[in-house]
Number of protein chains: 4
Amino acid sequence: MDEAAAQPDPAQDEEARPRTRIQRRNTQAILDAALEVFSAQGFRGATLDQIAEVAGLSKPNLLYYFASKEAIHVELLSGLMDTWLDPLREMDPEGEPEAEIMAYVRRKLQMARDYPRESRLFANEILQGAPRMRAAIEGELKDLVDEKAEVIRGWQAAGKIAPVHPYHLIFSIWALTQHYADFDMQVRAVLGPEGADPFPEAGRFLDTLFGRLLAP
Amino acid sequence: MDEAAAQPDPAQDEEARPRTRIQRRNTQAILDAALEVFSAQGFRGATLDQIAEVAGLSKPNLLYYFASKEAIHVELLSGLMDTWLDPLREMDPEGEPEAEIMAYVRRKLQMARDYPRESRLFANEILQGAPRMRAAIEGELKDLVDEKAEVIRGWQAAGKIAPVHPYHLIFSIWALTQHYADFDMQVRAVLGPEGADPFPEAGRFLDTLFGRLLAP
Amino acid sequence: MDEAAAQPDPAQDEEARPRTRIQRRNTQAILDAALEVFSAQGFRGATLDQIAEVAGLSKPNLLYYFASKEAIHVELLSGLMDTWLDPLREMDPEGEPEAEIMAYVRRKLQMARDYPRESRLFANEILQGAPRMRAAIEGELKDLVDEKAEVIRGWQAAGKIAPVHPYHLIFSIWALTQHYADFDMQVRAVLGPEGADPFPEAGRFLDTLFGRLLAP
Amino acid sequence: MDEAAAQPDPAQDEEARPRTRIQRRNTQAILDAALEVFSAQGFRGATLDQIAEVAGLSKPNLLYYFASKEAIHVELLSGLMDTWLDPLREMDPEGEPEAEIMAYVRRKLQMARDYPRESRLFANEILQGAPRMRAAIEGELKDLVDEKAEVIRGWQAAGKIAPVHPYHLIFSIWALTQHYADFDMQVRAVLGPEGADPFPEAGRFLDTLFGRLLAP
DNA sequence: GATGAATGAGCGTTCATTCAT
DNA sequence: AATGAATGAACGCTCATTCAT
């Protein structure tokens, strides 16, 4: 999971993706460079020149692999959605409720730490009204949240966790974990140089927060 | 309180701002339009043409009032910082600790509701590494947070609230409230049409969350 | 003769020029400022803003006195031509030939010293093919040169001065004197700080040069 | 010898200049067009559109070869200085003094005839205070003049030529030769159609002038 | 597969000029 | 007599994209 727009399931490439090794390598280089640039500058703020330079390719060569700037962006986002939802997907309805949610929080925080660029790419997209991701949000993402909210409701009905609003509970997990990626600059500026890595403390803080919130 | 870059204290204009009515009107129209466009598209994504159209002015006329596109952005941001920190500033060291923090959360959520564009403008800026706001973040903002963290620590030492990490407590308030402005699109998409206004429920949720977190 | 575009004959104003004192003062301020700016930046390089600032007037006020930027320039040039030719006009056919020419050289050098901006304005205009002065060059100026060339030819026929080409003699006087105004920057750079004022030495040099050239 | 910013030594291109034929051709076309336009309109008066049209290229294509309008101008000027000083550089300290100077005058007049655009480009630059050439004037140019002035002083000390001021002697050569390029329009207007080519007569005139001036 | 060359569309900005007062 | 306000036209420049090889 160190690549750009991590693709957990390489099998999905079978049809759409190029075959030769060189193509795969360049495609990945482009996506990785694009992630770097798009996440830092936004879609319009990024230029193909920047992406090409980071990728170590010529600009026309970029467009040999992707039809357009937008196509790169779309590819990045569509590759992202699955990865993005994985931590939630893994929440096991059969597991121990509080532990399941706490584990979800930790996975999500881990993602914010390991994939801050993906988080910012996503944040940029949502901030601008999700012009290229609306369908995935209203479909895939909403469906999964609906499903998991139902699970949570079940847990609550069984008295295993406190009866807080399931959707807002999920929002709160997103907000609190992604904040450390998206507002990283601010977090570090406020904590100052001594607290170089905010994540360990953030992990403990969120443990406390959700522990208290969920206690039945 | 529906204007761009809300100025709670209109008296501050007396010196720095232009005098004639027409100037005040156009300057405000530009700032309001710019807020609309910058918050939705980011700095580079926004164009003067868009801003001019929203403001109902010609493009050169924009530049009659502001020296450059950047100057408009800077004006917006600098006007924003004060407003942005006001809810925290109002937190009274002499007040009742839990109530003070809960009131801060509610003020902050209210701001997310009333000024979502300002919140997104701010989020855009931080996401991109705060190229035009770094100084204010590292100065003004950090200073206030340092001060208030000390207050919180005092309350905790006195056993009035739970001894959670003061800085992360503040981050959590920011994250949880601003999320409803910045990720508004996603929140609404997930909640679906029935929960048209997410804020009342969000308010209740945050009351519970921080009530449980802070209980000594 | 310290004003812009010196007008030796104030009588010519009678009709065309404004009457009130304030108007006369502003008109002069504009022309003086315009001379300053046009001579240093060329016509297209100069802006009305610059001229307005130097003149201490508002930009629309400039256009209250002159119909357009071009009108200011034309006024400047047309006012200049007479002054420009005066030194040559004064050359007296009845005078002592060599002394007359030497005196002309000295008057011309004096003008280069006293009116370098006028000289540069003129040079700019000619350099660019005299788009706004062609008529005056082909008419007024050529006529005077033709007349004086004839005088010189007479002096030469009488054996009073050496029989050098009269037109090129006049060109050489122009070139050698105006050079000290037009290429002032270069002259000073080459001579270095010690020779702060190049004109006295230039005067002696030209005396020698034309003395030897004209000796019969 | 009809190219822009004449490069007498094509070998100097080897490293710095682009390699492909197409690049060389377009680069030259741009420089030639720019020389045409800059020399006639000045830097600010010239537009990239004009240059592009003369060069037969699109405007963005100009900027594919040169980083900016200013970069074209600078390239033109920096290429010019060497060529400009060559005639003086060739003046041989070991040669016969009067003949050396006379030959310099003729070379310089030849340059005015063959490269009038370069002369006007240079004149424009100096007229405006040499904003982009100051360093070269105060360095390269001044150094060469200092050196050659010393040579002339040596010749004068040896009684080979008249003891006129060496610097003003050089200025006079510049003024008298460049005048025929820079003020070409005026020269032709005054001489009228019959004397279509002023240069032959100018050559004879300058021969006489400097012959008499330098005779010991 | 890959790239140097080229461009149309659009960007932020400047500026001479006009308008309203 | 003067100026704040406004703008159309154009400017230098950027950029995603296309073309030719």
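Letters go in sequence order (proteins before strands), and every chain restarts at 1. Predicted model, so just to flag it, every value in this text is computed and none were measured.
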Does [X] make a side-chain N or O approach to OP1 or OP2 of [N] shorter than 4.0 Å?
X: T20(C); N: dA1(F); value: yes
X: R24(D); N: dA5(E); value: no
X: Q23(D); N: dG4(E); value: no
X: Y65(D); N: dA6(E); value: yes
X: N61(C); N: dT3(F); value: yes

Suppose we define a pair by two distances each less than 3.5 Å, Watson-Crick or G-U wobble; what does dG10(E) pair with here?
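Here dG10(E) is engaged in a pair, and the nucleotide opposite it is dC13(F).
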State the pairing partner of dA20(E); accept Watson-Crick or G-U wobble contacts with both distances under 3.5 Å, and report none otherwise.
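Across all strands, the one nucleotide that pairs with dA20(E) is dT3(F).
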Could you work out which one of [options] sits closest to the side chain of [X]?
X: K69(D); options: dA16(F), dG12(F), dC15(F); answer: dG12(F)
X: N26(D); options: dA1(F), dT17(F), dA5(E); answer: dA5(E)
X: P60(D); options: dT17(F), dG8(E), dT13(E); answer: dG8(E)
X: I22(B); options: dA5(F), dT17(F), dG1(E); answer: dA5(F)
X: L63(A); options: dA1(F), dT7(E), dT18(F); answer: dT18(F)
X: Y64(D); options: dG4(F), dG4(E), dT7(E); answer: dG4(E)

Between R44(B) and R44(D), which has a closest nucleotide on DNA chain E that is more 5'?
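Here R44(B) is the residue nearer the 5' end.
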By nearest heavy atom, map S68(B) and K59(D) onto DNA chain E; which one lands nearer the 5' end?
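Going by which nucleotide is closer to the 5' end, it is K59(D).
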Heavy atoms under 4.0 Å, any strand shown: does [X] hit a base, just sugar-phosphate, or nothing?
X: A46(A); value: sugar-phosphate
X: L48(D); value: sugar-phosphate
X: R25(D); value: nothing
X: L57(A); value: nothing

Does T47(C) offer a backbone N or O that forms a donor-acceptor pair with the side chain of Q50(C) under 3.5 Å?
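Checking the backbone N and O of T47(C) against the side chain of Q50(C), a donor-acceptor pair under 3.5 Å is found.
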Within the side chain of R134(B), is there an N or O that forms a donor-acceptor pair under 3.5 Å with the backbone of G129(B)?
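Checked: pair present.
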Separation between CG of L121(B) and NE2 of H73(B), rounded to the nearest 0.5 Å
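With rounding to 0.5 Å, CG (L121(B)) is 5.0 Å from NE2 (H73(B)).
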Atom CD in E75(A), atom CD1 in I30(A): separation rounded to 0.5 Å?
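Between atom CD of E75(A) and atom CD1 of I30(A) there are 10.5 Å.
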Minimum heavy-atom separation for S68(A) to L63(A), with atom names?
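Where S68(A) meets L63(A) most closely, the heavy atoms are CA-CD2, 3.8 Å.
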Give the minimum heavy-atom separation between S58(B) and A52(B), together with the two atoms involved.
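Nearest heavy atoms, S58(B) then A52(B): C-CB, 4.0 Å.
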Separation between the P atoms of dT21(F) and dG1(E), rounded to whole Å
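Straight-line distance between the two P atoms is 22 Å.
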Can you measure [X] atom [atom1] to [N] atom [atom2] for me and round it to whole angstrom units?
X: F66(C); N: dT18(E); atom1: CZ; atom2: P; answer: 16 Å
X: R21(D); N: dT21(F); atom1: CZ; atom2: C1'; answer: 15 Å
X: D49(D); N: dG12(F); atom1: CG; atom2: C1'; answer: 9 Å
X: F43(D); N: dT14(E); atom1: CZ; atom2: C1'; answer: 14 Å
X: I51(A); N: dA16(F); atom1: CD1; atom2: P; answer: 8 Å
X: Q41(B); N: dC11(E); atom1: CD; atom2: C1'; answer: 15 Å
X: I30(D); N: dC13(F); atom1: CD1; atom2: P; answer: 13 Å
X: F38(A); N: dC15(F); atom1: CZ; atom2: C1'; answer: 13 Å

E53(D) and K59(D) ion-paired at < 4.0 Å:
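Result for this pair is no, no salt bridge flagged.
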For E70(D) and for A67(A), locate the closest nucleotide of DNA chain F by heavy-atom distance; then report the residue assigned to the nucleotide nearer the 5' terminus.
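It is E70(D), whose closest nucleotide lies nearer the 5' terminus.
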5' precedence on DNA chain F between T47(A) and S58(C) (nearest-nucleotide basis)
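Comparing both residues, the 5'-ward one is S58(C).
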